[in-house]
Amino acid sequence: MGTIVIPGTVVLVVLGFGNHLWWLLAVAVLVLYVQYGRRTSSTSPPAGGAPGPAPATYKAYRDRRDQQAKWERRYRRERPFEYRRQQRDKTK
């Protein structure tokens with residue numbers, strides 16, 4: 001999304017030399033991008049096991065829960081030292 005917003009803002013700023021309303025539009029586009037664009041463009045899962053939006057059905061909930069358990073088992077298996085350190089830090 002940023003690849004579209006930044007060049008579009010530059011074009012609006014260049015057009016703004018003739019009409020200052022274009023500069024206002026460029027600022028509005030940047031503000032909207034900073035507020036809403038970054039949050040929705042992220043495709044990675046939330047860090048720290050933060051809960052996401054509630055699933056629509058119980059089956060979706062179970063699938064998500066099973067996938068999360070699978071990721072946690074894999075993390076424990078592939079990074080045992082980091083996992084133990086995190087568990088030790090949690091108890092402190």
Side-chain angles (χ1 to χ4, degrees):
M1 171 118 177
T3 57
I4 295 170
V5 172
I6 302 301
T9 304
V10 170
V11 168
L12 291 174
V13 168
V14 170
L15 289 173
F17 288 112
N19 185 354
H20 296 301
L21 260 70
W22 291 111
W23 282 347
L24 293 174
L25 186 60
V27 170
V29 166
L30 286 177
V31 167
L32 289 174
Y33 173 67
V34 168
Q35 281 186 342
Y36 302 107
R38 289 186 185 176
R39 270 189 250 146
T40 58
S41 65
S42 177
T43 57
S44 63
T57 64
Y58 183 67
K59 182 180 182 332
Y61 162 74
R62 284 184 303 161
D63 291 342
R64 176 72 179 122
R65 182 194 61 195
D66 293 345
Q67 182 66 42
Q68 183 68 33
K70 181 179 168 185
W71 287 336
E72 289 174 0
R73 285 191 302 270
R74 182 177 178 185
Y75 184 82
R76 271 184 259 147
R77 183 177 64 244
E78 293 179 354
R79 298 174 181 88
F81 298 114
E82 289 91 345
Y83 177 73
R84 279 188 239 141
R85 181 184 50 80
Q86 288 175 355
Q87 294 302 315
R88 194 171 48 244
D89 292 345
K90 275 186 185 177
T91 59
K92 289 184 180 179

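Fair warning: this is a prediction, and the values are worked out from it, not measured in the lab.
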K.L.:
Is any side-chain N of the basic residue among Arg85 and Asp89 closer than 4.0 Å to the acidic one's carboxylate O?
P.N.:
yes

K.L.:
So if you build clusters from Ile, Leu, Val, Met, Phe, Trp, Tyr with side-chain heavy-atom gaps below 4.5 Å, do Tyr33 and Val11 land together?
P.N.:
yes

K.L.:
CZ/Arg77 to CZ/Arg73 distance, rounded to the nearest 0.5 angstrom?
P.N.:
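The CZ atom of Arg77 sits 8.5 Å away from the CZ atom of Arg73.
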
K.L.:
Please round to the nearest 0.5 Å and tell me the distance separating atom OH of Tyr83 and atom CD of Glu72.
P.N.:
7.5 Å

K.L.:
Should we say atom CH2 of Trp23 is surrounded by more than 12 heavy atoms from elsewhere, each under 6.0 Å from it?
P.N.:
yes

K.L.:
Can you confirm whether more than 12 heavy atoms, excluding those of Tyr75, are under 6.0 Å from its OH atom?
P.N.:
yes

K.L.:
Give me the atom names and distance for the closest heavy-atom approach of Leu15 to Trp22.
P.N.:
O-CD1, 3.6 Å

K.L.:
So, taking the atom named CD in Gln68 and the one named CZ in Arg64, what distance separates them when rounded to the nearest 0.5 Å?
P.N.:
5.0 Å

K.L.:
Using 0.5 Å steps for rounding, measure from the CG atom of Asp63 to the OG1 atom of Thr57.
P.N.:
7.5 Å

K.L.:
Is Lys70 salt-bridged to Asp66, cutoff N-O under 4.0 Å?
P.N.:
no

K.L.:
Working to the nearest 0.5 angstrom, can you tell me the gap between Arg79 CZ and Arg74 CZ?
P.N.:
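Arg79 atom CZ to Arg74 atom CZ measures 8.0 Å (nearest 0.5 Å).
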
